[in-house]
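Every heavy atom of this structure was used, including side-chain atoms; hydrogens, water molecules and symmetry mates were not.
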Amino acid sequence: METHTIPYEGVEIEYQLVRKKVKYINLRVNKDEQVVVSAPKQVPFSVIEEFVLSKAQWIITHLAEMENIRLSKPSSAIYNGKTVYLLGKPYTLVLKSGKEDFFTNANALYMTTVNMEQKSLHKEYLECLRKLAKETFPKLLDEVYPLVKPYAIPYPEIHIRDMSSIWGSCTVGQGKIRLNLQLAKADPDCIKAVILHELIHFRHPNHSKDFYALLTELMPDWQKRKTRLETMYKDGI
C-alpha cells in the first residue's frame with residue numbers, strides 16, 4: 001500500500017493506493033476516514049491520479065459529512081450529570097459508591113458501584129438496560145403479535161443481544177427474534193416497530209415490496225418511528 005497526495009483547489013487529498021487483481025479502478029472511504037484506491041497493476045499512475053481528481057469533489061464532501069457525524073456523536077464516557085435514555089425518557093445519571101445497584105426516580109438514574117472505572121460503569125449500565133429490556137420487550141411483543149397472528153406467523157422466542165449495527169434480526173426456522181439491547185433506550189412505539197419488522201420477516205424473509213406493503217398496512221407510521229429511533233436516544237454508551 002502506497003500513500004499519495006494530490007492537490008485539488010487548494011486542498012491536499014491524501015489517499016492509499018493498493019495495486020491488486022481488479023478489472024477497474026475503485027475508490028472508497030473507509031471507517032477511519034481514509035481514502036483507499038484499488039487499481040490494476042498495469043494501469044499507469046497518471047491514469048490513477050486523473051481518476052482520483054475526477055472524484056475529488058465527492059471525496060471532500062464525503063469526508064466532511066463523516067467528520068460532522070463523528071463530531072455529533074455523544075461521548076461514550078460515563079459521568080455524573082450525563083443524559084441517558086430509558087424507554088424514550090431522558091434521565092440525569094447520578095453515580096454513587098456502594099454495592100452495585102441502579103434505580104430511577106422522576107428525572108434521574110442512580111447507579112451505585114464499587115468501581116468507578118469506565119469499563120465497570122459501562123458494564124453496569126448495560127446490565128441496567130438488560131434488566132429493563134427483559135421486563136419490557138416481552139410485553140411489547142404481546143401488544144404487537146395480534147397484528148400478525150392472522151397471517152399464521154408463529155409467536156417467537158425473544159433473545160436480547162448488545163448489537164452494534166442492527167436493531168433486530170430473526171431466525172425463521174427456529175422461531176426466534178433477536179432484539180438489540182440498545183432498544184431499551186427508545187420509546188415503546190419505536191421498539192414495537194422493530195418487533196413488527198422482525199415478525200413480518202417470518203412471512204416475507206427479505207425486504208421485498210410485499211414485505212413493506214404488509215409493514216405499512218399494519219403500521220402506517222413505521223417510517224416516522226424508524227426516523228425517531230435512528231436520530232434520538234443516543235448517549236454514546
Side-chain angles (χ1 to χ4, degrees), residues 22-24 26-31 36 38 55 58-59 61-62 65-66 68-70 72-74 85-90 126 129-237:
V22 292
K23 287 186 177 182
Y24 308 104
N26 299 301
L27 183 148
R28 64 185 176 88
V29 178
N30 66 21
K31 64 180 181 179
V36 181
S38 303
K55 302 293 184 181
W58 179 87
I59 293 170
T61 301
H62 193 64
E65 290 174 350
M66 291 182 72
N68 286 336
I69 291 171
R70 184 181 67 80
S72 67
K73 287 183 177 179
Y85 295 89
L86 301 176
L87 296 180
K89 181 179 177 179
L126 292 184
L129 288 182
R130 191 176 302 279
K131 181 176 183 294
L132 184 60
K134 287 180 177 180
E135 293 173 351
T136 306
F137 291 179
K139 295 177 183 177
L140 296 178
L141 172 60
D142 286 342
E143 293 180 25
V144 173
Y145 182 71
L147 294 175
V148 301
K149 188 175 181 180
Y151 298 90
I153 293 173
Y155 190 94
E157 295 180 18
I158 289 182
H159 294 260
I160 299 168
R161 302 282 187 271
D162 187 21
M163 299 183 282
S164 60
S165 59
I166 58 175
W167 294 116
S169 65
C170 67
T171 305
V172 175
Q174 297 177 9
K176 296 178 181 179
I177 63 173
R178 284 167 291 280
L179 298 176
N180 194 334
L181 175 63
Q182 299 288 327
L183 281 170
K185 300 174 184 179
D187 68 77
D189 283 347
C190 289
I191 301 171
K192 287 193 281 188
V194 175
I195 292 174
L196 180 61
H197 183 110
E198 298 308 324
L199 288 173
I200 293 176
H201 274 313
F202 282 81
R203 184 174 179 89
H204 301 293
N206 51 28
H207 292 108
S208 62
K209 289 183 179 179
D210 290 338
F211 171 89
Y212 284 110
L214 183 55
L215 179 59
T216 301
E217 177 184 342
L218 298 179
M219 187 176 285
D221 67 339
W222 69 267
Q223 289 177 301
K224 291 182 179 179
R225 301 187 193 205
K226 183 176 184 294
T227 299
R228 196 161 67 246
L229 178 60
E230 299 288 351
T231 57
M232 299 177 66
Y233 317 127
K234 296 182 183 297
D235 59 20
I237 308 172

Would you say Phe211 and His197 make side-chain contact, with heavy atoms under 4.5 Å? yes
Carefully, step by step, assess Arg225 and Lys192 under the rule side-chain contact (heavy atoms from CB on, under 4.5 Å). CA-CA 9 Å; Arg225 301 187 193 205; Lys192 287 193 281 188; 4.2 Å; yes
Within this structure, what is the CE-NZ distance for the pair Met232 and Lys185, rounded to the nearest 0.5 Å? 13.5 Å
Between Phe202 and Ile177, is a side-chain contact (heavy atoms from CB on, under 4.5 Å) present by the stated rule, with each step listed? CA-CA 10 Å; Phe202 282 81; Ile177 63 173; 3.5 Å; yes
So, taking the atom named CG in Leu183 and the one named CE in Met163, what distance separates them when rounded to the nearest 0.5 Å? 7.5 Å
Between Glu143 and Lys139, is the salt bridge (Lys or Arg N to Asp or Glu O under 4.0 Å) condition met? List the steps. CA-CA 7 Å; Glu143 293 180 25; Lys139 295 177 183 177; over 6 Å; no
Check step by step if side-chain contact (heavy atoms from CB on, under 4.5 Å) holds for Ile237 and Leu129. CA-CA 11 Å; Ile237 308 172; Leu129 288 182; over 6 Å; no
Look up atom CG in Leu214 and atom CG in Leu196, then write down how far apart they are to the nearest 0.5 Å. 7.5 Å
Indicate whether any N or O donor in one side chain lies under 3.5 Å from an N or O acceptor in the other, for Tyr233 and Asp187. yes
Does the ring center of Tyr212 lie less than 6.0 Å from the ring center of His204? no
Please find the pair of heavy atoms, one from Ala184 and one from Leu132, that lie closest to each other, and give the distance. O-CD2, 3.8 Å
Between the main-chain N or O of Ile166 and the side-chain N or O of Asn180, is there a donor-acceptor pair closer than 3.5 Å? yes
Sequence neighbours left out, what passes side-chain hydrogen bond (donor to acceptor under 3.5 Å, both in side chains) with Gln223? Give chain and number order. none
First locate atom OH of Tyr145, then atom CD1 of Ile153, and finally report the distance between them rounded to the nearest 0.5 Å. 7.5 Å
By the ring pair (Phe, Tyr, Trp, His ring centres under 6.0 Å) test, which pairs, at least two apart or in different chains, include something from residues 160-186? none
With side chains defined as the heavy atoms from C-beta onward, is the minimum distance between Arg203 and Val148 less than 4.5 Å? no
When rounded to the nearest 0.5 Å, the distance separating NE2 of His207 from CG of Leu215 is 9.0 Å
Pairwise distance CH2(Trp222) to CG(Asp189) - rounded to 0.5 angstrom: 15.5 Å
Are any non-hydrogen side-chain atoms of Leu126 and Gln182 less than 4.5 angstrom apart? yes
Hits for side-chain contact (heavy atoms from CB on, under 4.5 Å) against Arg130, two or more places apart or cross-chain, chain-then-number order -> Glu127, Lys134, Ile160, Leu181
Taking atom types as modelled, find out whether Ser38 and Arg28 have a side-chain donor-acceptor pair closer than 3.5 angstrom. no
Apply side-chain contact (heavy atoms from CB on, under 4.5 Å) to Leu141 and Leu179, showing your working. CA-CA 11 Å; Leu141 172 60; Leu179 298 176; over 6 Å; no
Do Ser208 and Asp210 get their side chains close enough for a donor-acceptor pair, meaning under 3.5 Å? no
Heavy-atom closest contact (Glu217 atom, Tyr151 atom, distance): OE2-OH, 3.3 Å
Crowding at NZ, Lys224 (>12 non-hydrogen neighbours, <6.0 Å): no
